[in-house]
Structures are given as structure tokens and as C-alpha cells.
Amino acid sequence: MMSADNHTVFYPVTYILTGISGTEESHFWMAIPFCLMYVVTLFGNSLLLFIILTERSLHEPMYLIMSMLATVDLLLSTTTVPKMLAVFWFRAGEISFAACLTQMFFIHASFIAESAILLAMAFDRYVAICDPLRYTMILTKSVIGKMGLAVVTRSFCIIFPHIVLMKQLKFCRTNLLPHTYCEHMVIARLACDDITVNVWYGLAVAILVIGLDAVLIALSYGLILRAVFRLPSKDARLKALRTCSSHLCVILMFHISSVFSYYAHRFGHIIPGYILILLANLYVLIPPMLNPIVYGVTTKEILKRVISIFYRCVSRSSLLS
């Protein structure tokens, strides 16, 4: 079918992910650290989930929310990295249009879910420090379950319109995707239709959803810090700050990388394409890898159980030998 501007209009059956253009000779070697980061992500988040789910003493709001974050991190990395490695190592970049839209949905839904989970963490710390006597009354297991359901529902409702808008587009350009995974605007730019609605909807999501989450998180931690510095004892202040340090590290990693990624795409015309794609890869690799490490190092209860599991494994291996 021919469009009015003499472009051939087609509905793509498959796309070809090309990887990082201009660095094809280095793809094999670049994939090695990506693979190692993915292994660390799988191990770290799976171990975190195992510890929280098997230790009844950790079935508390803070750790249950932490397990939600680990689940989302596993989903995000598993949605993107295996295909990324296939592109780098085996030139296996072919992906069906339906699979591409599915991957796009889970990637963006994971980002929205992670933002909401970090907001839930901030609320958890706010109640724990600013209203500790009512903590167990406010954050019951039922409330945490409803939070989890709200996170999933919100992510679906926000990202599903992206899929609907994408399916309305007519494509008249190449089916080569200059990326390692199916990112919304990378696909939309291949369309011959006007993509203004797609652009504005993406902007609205970034500002009204993730931006609002960031404002509420900042407000929560502002109130937390005010309450902490009003505590009479220096030891009490240090203890309260330690309980928030891991959450603050994870929140900063997520939102700094989100802002950087957003503006990198908006000012992509002045940044080389291969740098943008490399940063996009690190954006889906580094936070999921570092989150369990941060919690493992800074959360005493988690660290204690990790050390206990390590010693058990060493003891068993020495007995077997």
C-alpha cells in the first residue's frame, strides 16, 4: 500500500535489533561485562528474595516492599539482557513485532513500578520514624498487599496506552532498530505517521508520574530528616539515619539515572548515538545489579543472614570434601 507522500506503508512482522551502531567489532567483548552484571543481578535479587521469603522474622513491611523491588529488578533485567546478549554474541537481533511490543511494555511498566515501590519505601520509613507507635497499625500485611496490587494496576494502566498508540501507527521506513532492546521512542521514530501524541504522552508520564513520585519521595524524606534531627539522643539520630541510608542510595540511583536517560534522549542530536545506546543499556543493568548489594551491605538483618548462608555453604562443601 502506498501513502500520499510516496512512502511504502507496511505493518512490520519482524524487527532487527542492530546493537550499538559503530561498535560492531567490540560487541563480543562489550557483552562480557554485561553478562557478568546480569549474573550478579540474578544472584543478588534471587538471594534477597529467598532470604526475605524464608525468614519469618523478615515478614515485615520494609522487607516485603524490598522483595517487590527485587522482583521488579529481576523482571526488568530478564526482559532485556538475554536478547541483548544474543544480539552481541550471535547477531540474533530478529524479534517479532508482537514480541517487541511485549518487551517494550514490560520494560516501561518495570520503570513505573519501581518508581511506585520507591515511593512506598519512603512512606514506610516516614511512618517508622515519624509515627513509630502506629507503625504496625498503619502498615499491616493487608495494606502492603494492596500497595503491591496498586503498583501493578498503575503500571498496566499507564503503559497500556503506549501499546495502543504504537499499534495505530503506520510504518514506512526500515525495520532495523538501532538499539539492543525495544524502546518506545526508538520504534515510534520509524513510523511515517505524526508521532506527536506518542511524544506528549511519554512526556506526561515522565513529568506527572515519575516526577510526582520524586516530589513525594523528597517531601517524605524532608519530613523524616526534620524528625531525625529533633531526636534528643545522638545515637538515636545515627540509628534512624542508618535505617534510611540504603533506601536513599537506591532512590538516588534510580531517579538520577532516570533524569539522565530522559534528557539524553531529548538532546540526542548533540550526543553520539552509540553513547546513548550504551547509557540505555547501563540504565537497565546497573540499578537492578546494585540494589541488592546496597541492601545487603547496609541492612544489618539482611547482611547477617547472607553471612549465615555463606558459612553454611562453606561448611557443607568442606564436609563433602
Side-chain angles (χ1 to χ4, degrees), residues 39-77 113-148 151 217 220-221 223-225 227-229 231 233-254 286-317:
V39 170
V40 173
T41 298
L42 288 180
F43 177 76
N45 286 288
S46 298
L47 180 61
L48 189 62
L49 276 173
F50 174 78
I51 290 171
I52 293 171
L53 294 177
T54 56
E55 293 286 345
R56 293 189 64 83
S57 62
L58 297 183
H59 291 181
E60 297 177 3
M62 181 177 76
Y63 300 107
L64 293 176
I65 297 172
M66 203 182 291
S67 68
M68 293 183 203
L69 184 65
T71 302
V72 170
D73 283 339
L74 284 172
L75 176 64
L76 174 61
S77 56
E114 186 149 345
S115 179
I117 292 167
L118 294 178
L119 178 58
M121 284 182 168
F123 178 67
D124 168 81
R125 292 300 85 200
Y126 167 77
V127 177
I129 291 173
C130 298
D131 198 0
L133 297 178
R134 299 179 60 212
Y135 180 76
T136 54
M137 295 170 57
I138 295 172
L139 288 170
T140 62
K141 287 183 181 179
S142 173
V143 169
I144 299 300
K146 289 174 183 176
M147 281 184 178
V151 167
I217 289 169
S220 297
Y221 273 94
L223 295 172
I224 288 169
L225 290 174
V228 166
F229 288 113
L231 293 173
S233 165
K234 182 180 178 181
D235 290 339
R237 288 197 296 270
L238 289 174
K239 183 179 179 181
L241 288 172
R242 275 198 299 269
T243 63
C244 294
S245 61
S246 56
H247 301 288
L248 280 171
C249 288
V250 170
I251 286 165
L252 288 173
M253 277 192 300
F254 175 79
I286 291 180
M289 178 187 71
L290 292 182
N291 287 348
I293 295 173
V294 168
Y295 285 124
V297 171
T298 60
T299 308
K300 189 194 303 182
E301 291 78 6
I302 298 291
L303 181 60
K304 189 190 303 180
R305 282 157 181 82
V306 169
I307 293 171
S308 173
I309 290 171
F310 174 75
Y311 276 123
R312 267 183 278 170
C313 291
V314 170
S315 300
R316 285 178 185 174
S317 62

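Keep in mind that the numbers below use all heavy atoms, side chains included, and drop hydrogens, waters and symmetry copies.
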(request) With sequence neighbours left out, write down each residue that passes side-chain hydrogen bond (donor to acceptor under 3.5 Å, both in side chains) with Ser142, or none if nothing qualifies. (result) none

(request) Measure the spacing between CD1 of Ile217 and CZ of Arg125 and express it to the nearest 0.5 Å. (result) 14.0 Å

(message) Measuring only between side-chain heavy atoms, which start at C-beta, is Leu223 closer than 4.5 Å to Ile129?
(response) no

(message) Against Ile144, only a single residue in Met62, Met68, Glu60 fulfils side chain to side chain contact (heavy atoms under 4.5 Å, CB included); can you say which?
(response) Met68

(request) Please confirm whether the backbone N or O of Glu301 pairs with a side-chain atom of Arg305, one donor and one acceptor, at under 3.5 Å? (result) yes

(message) Tell me the closest heavy-atom pair linking Leu76 and Pro288, and the distance in Å.
(response) CD2-CG, 4.0 Å

(request) Nearest 0.5 Å please: distance from the CE atom of Met147 over to the CE atom of Met121. (result) 11.5 Å

(message) To check you understand the geometry: which heavy-atom pair defines the closest contact between Lys141 and His59, and what is its length?
(response) CE-O, 3.5 Å

(request) Side-chain contact test, heavy atoms from C-beta onward, threshold under 4.5 Å: evaluate it for Val127 versus Phe123 and give yes or no. (result) yes

(message) I want to check something: taking the side chain as every heavy atom from C-beta on, are Val72 and Val151 in contact at a cut-off of under 4.5 Å?
(response) no

(message) Can you tell me how far apart CD1 (Ile309) and CZ (Phe50) are? Round to the nearest 0.5 Å.
(response) 5.5 Å

(request) Examine distances only and state if a side-chain atom of Ser308 and a backbone atom of Lys304 form a donor-acceptor pair shorter than 3.5 Å. (result) no

(request) Would you please name every residue forming a side-chain hydrogen bond (donor to acceptor under 3.5 Å, both in side chains) with Asp124, sequence neighbours left out? (result) Tyr135

(message) Test of understanding: with side-chain contact (heavy atoms from CB on, under 4.5 Å), list the residues that count as partners of Leu75, not counting sequence neighbours.
(response) Thr79, Phe106, Ser110

(message) Within the 4.5 Å heavy-atom criterion, are Asn291 and Leu48 side-chain neighbours or not?
(response) no

(message) Is it the case that the side chain of Thr140 and the backbone of Met137 share a donor-acceptor pair, with hydrogens and angles ignored and the cut-off at 3.5 Å?
(response) no

(message) Would you compute the distance between atom OG of Ser46 and atom CD1 of Ile51 and round it to the nearest 0.5 angstrom?
(response) 11.0 Å

(request) Could you tell me whether Tyr126 atom OH has more than 12 heavy atoms of other residues or ligands within 6.0 Å of it? (result) no

(request) Report yes or no: does Asp73 contribute a side-chain atom to a donor-acceptor pair with the main-chain N or O of Thr41 at less than 3.5 Å? (result) no

(request) List the atom of Ile302, the atom of Tyr295, and the distance in Å for their closest heavy-atom pair. (result) CB-O, 4.0 Å

(message) Within this structure, what is the CG-CG distance for the pair Leu248 and Leu225, rounded to the nearest 0.5 Å?
(response) 7.0 Å

(message) Can you tell me how far apart CD (Glu114) and CD1 (Ile251) are? Round to the nearest 0.5 Å.
(response) 10.5 Å

